[in-house]
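Everything on this sheet refers to the single structure shown next.
As the structure lists them, so they are numbered: ligands from 1, and atoms in each ligand from 1. Computed from a predicted structure; not experimentally measured.
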Amino acid sequence: MKPVRKAVFPVAGLGTRFLPATKAFAKEMLPVVDRPLIQYAVDEAREAGIEQMIFVTGRGKAALEDYFDIAYELEATMRERGKSLDVLEPTRLPAGALASVRQQEPLGLGHAVWCARDIVGDEPFAVLLPDDLMWGNPGCLREMVDDYEEVGGNIICVEEVAPEKTASYGIITPGATSGNRTEVKGLVEKPKPEEAPSTLGIIGRYILQPEVMRILDNPERGAGGEIQLTDAMARLIGTQPFHGVTVGAKRYDCGDKAGFITANLALALEREDVGPAVRAFVADLR
Ligand code: UTP
């Protein structure tokens, strides 16, 4: 079984739910406490043993690459002023560990992943959507890689979603369940509640086999007129093992304003530096 060494971060979306903040600014650079969303996703990938990060970017997303680069002027000035550079440590990646490719038009998540096909090559790969902030120890992808090492094939992260919310998710048709792992018998993107095969929704973490790229070579438009990753994955079912896993990490949907604010509050409360002040403020709320 080939190890999962590469991860694709599709970050070319328009972020319309966060306008006007995202008019001239990547959604993935929005900070939760003091780190941008992309940092949490890259940290999670590193913890899971990922060696190469592949960003699928678009116009206005240059800050995402600059963020993981050396900031000579900033660092020289900080040194001159005797300030420690330790705070920048999480932004350091080994040479060659970051690749990026452009998605010229936001045609959908399936299309974004396909744009990375040549860099991914013929090996299994992870996909992380940074706006799903997964917070837990072990991290979400680490748990999924452990599952992958047991059963191989394709692994997607799933979560029980509210029955009235199925039209916001890809939903699985579940087969046999063993512990946290459920066999995936079918997949449908954004079904209406009355048509949903279950309430197990796909969230933004995947481990996929490279064959999905061959399916995406000839894509079909799916829900919302977009090239959906879910539709391509559905065609792998029956040809390769396919499992949905639930994980211990908690999900904050930071593509959504309420989810983003909740994430800031929850993570701030855990911090030694800002936690006490935020806790005092919250305690005073009525
Ligand atoms: P979303 O559905 O959250 O879309 O995409 P979005 O454009 O980012 O945000 P809204 O809904 O307009 O507010 C899920 C993930 O897929 C990426 C996004 O960047 C996000 O990480 N994506 C989506 C692409 O990279 N390209 C696409 O064509 C579509």
Side-chain angles (χ1 to χ4, degrees), residues 6-32 36-45 53-65 67 98-117 119-120 125-134 140-141 156-159 161 165-171 187-191 201-206 208 212-213 216 219-233 251-263:
K6 301 185 180 183
V8 176
F9 300 76
V11 291
L14 297 177
T16 54
R17 282 172 293 162
F18 247 108
L19 285 170
T22 47
K23 183 180 171 194
F25 182 79
K27 168 171 75 172
E28 297 78 12
M29 288 303 293
L30 289 170
V32 171
L37 286 170
I38 190 70
Q39 177 81 67
Y40 292 93
V42 163
D43 287 349
E44 185 188 326
M53 319 288 164
I54 306 166
F55 289 2
V56 181
T57 71
R59 276 177 299 285
K61 303 278 181 165
L64 286 162
E65 287 157 51
Y67 176 81
L98 176 61
S100 86
V101 64
R102 199 87 169 196
Q103 184 194 25
Q104 288 89 343
E105 282 180 278
L107 298 179
L109 179 59
H111 181 258
V113 169
W114 179 75
C115 288
R117 65 198 177 281
I119 311 177
V120 166
F125 62 102
V127 177
L128 295 95
L129 307 189
D131 44 3
D132 267 341
L133 195 170
M134 301 300 291
C140 174
L141 193 63
I156 53 181
C157 191
V158 295
E159 185 176 279
V161 300
K165 292 271 173 69
T166 58
S168 302
Y169 294 88
I171 301 288
L187 288 169
V188 51
E189 185 63 30
K190 302 189 172 41
I202 308 172
I203 57 175
R205 299 292 183 274
Y206 313 72
L208 299 174
V212 76
M213 297 294 195
L216 287 164
E220 281 164 25
R221 300 275 179 152
E226 294 196 347
I227 298 168
Q228 297 289 355
L229 181 60
T230 305
D231 298 341
M233 293 191 305
R251 178 174 78 108
Y252 296 98
D253 177 6
C254 292
D256 168 81
K257 283 173 237 184
F260 173 74
I261 292 164
T262 310

**Message:** What I want to find out is whether D132 reaches R205 closely enough, with some N-O distance under 4.0 Å, to be called a salt bridge.
**Reply:**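 Not counted as a salt bridge, because no side-chain N and carboxylate O are separated by less than 4.0 Å.
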
**Message:** Check this for me, if you would: do E159 and R251 make a salt bridge, where the nitrogen-to-carboxylate-oxygen distance has to be below 4.0 angstrom?
**Reply:**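 So E159 pairs with R251 through a salt bridge.
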
Short list, please: which atoms of ligand 1 are under 4.0 Å from a heavy atom of [X]?
X	result
A112	24 (C), 25 (O), 26 (N)
T16	9 (O), 10 (P), 12 (O), 13 (O)
L14	6 (P), 7 (O)
L107	28 (O)
K27	3 (O), 6 (P), 8 (O), 9 (O)
Q103	24 (C), 25 (O), 26 (N), 27 (C), 28 (O)
D131	3 (O), 20 (C), 21 (O)

Should [X] be listed as contacting ligand 1, given a heavy-atom distance under 4.0 Å as the test?
X	answer
E28	yes
G108	yes
L109	yes
H111	no

Donor-acceptor contact present, side-chain [X] to main-chain [Y], <3.5 Å:
X	Y	value
K6	M53	no
E226	Q228	no
T22	G15	yes
K27	F18	no

Nearest neighbour in protein (non-hydrogen) for [atom]:
atom	value
atom 14 (C) of ligand 1	L129 CD1, 4.1 Å
atom 23 (C) of ligand 1	G13 CA, 4.1 Å
atom 25 (O) of ligand 1	A12 N, 2.9 Å
atom 13 (O) of ligand 1	R17 N, 2.6 Å

Nearest-0.5 Å distance, [atom1] of residue [X] to [atom2] of residue [Y]:
X	Y	atom1	atom2	answer
T230	E189	OG1	CD	3.5 Å
L107	W114	CG	CH2	9.5 Å
K61	I38	NZ	CD1	9.5 Å

**Item:** Any I203 side-chain heavy atom under 4.5 Å of L129 side chain
**Value:**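 They are not in contact (no side-chain heavy atoms under 4.5 Å apart), so the answer is no.
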
**Request:** May I ask you to test the F9-T57 pair for a side-chain heavy-atom distance under 4.5 Å?
**Result:**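 A side-chain contact is absent here, since even the closest heavy-atom pair is not under 4.5 Å.
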
**Message:** If you take the nearest heavy atom of each of P10, G110, C115, S168, which one is closest to atom 17 (C) of ligand 1?
**Reply:**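 Looking at heavy atoms only, the winner is P10.
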
**Message:** When you measure from atom 10 (P) of ligand 1 to the protein, is at least one non-hydrogen atom found at a distance under 4.0 Å?
**Reply:**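 Yes, there is a protein heavy atom closer to it than 4.0 Å.
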
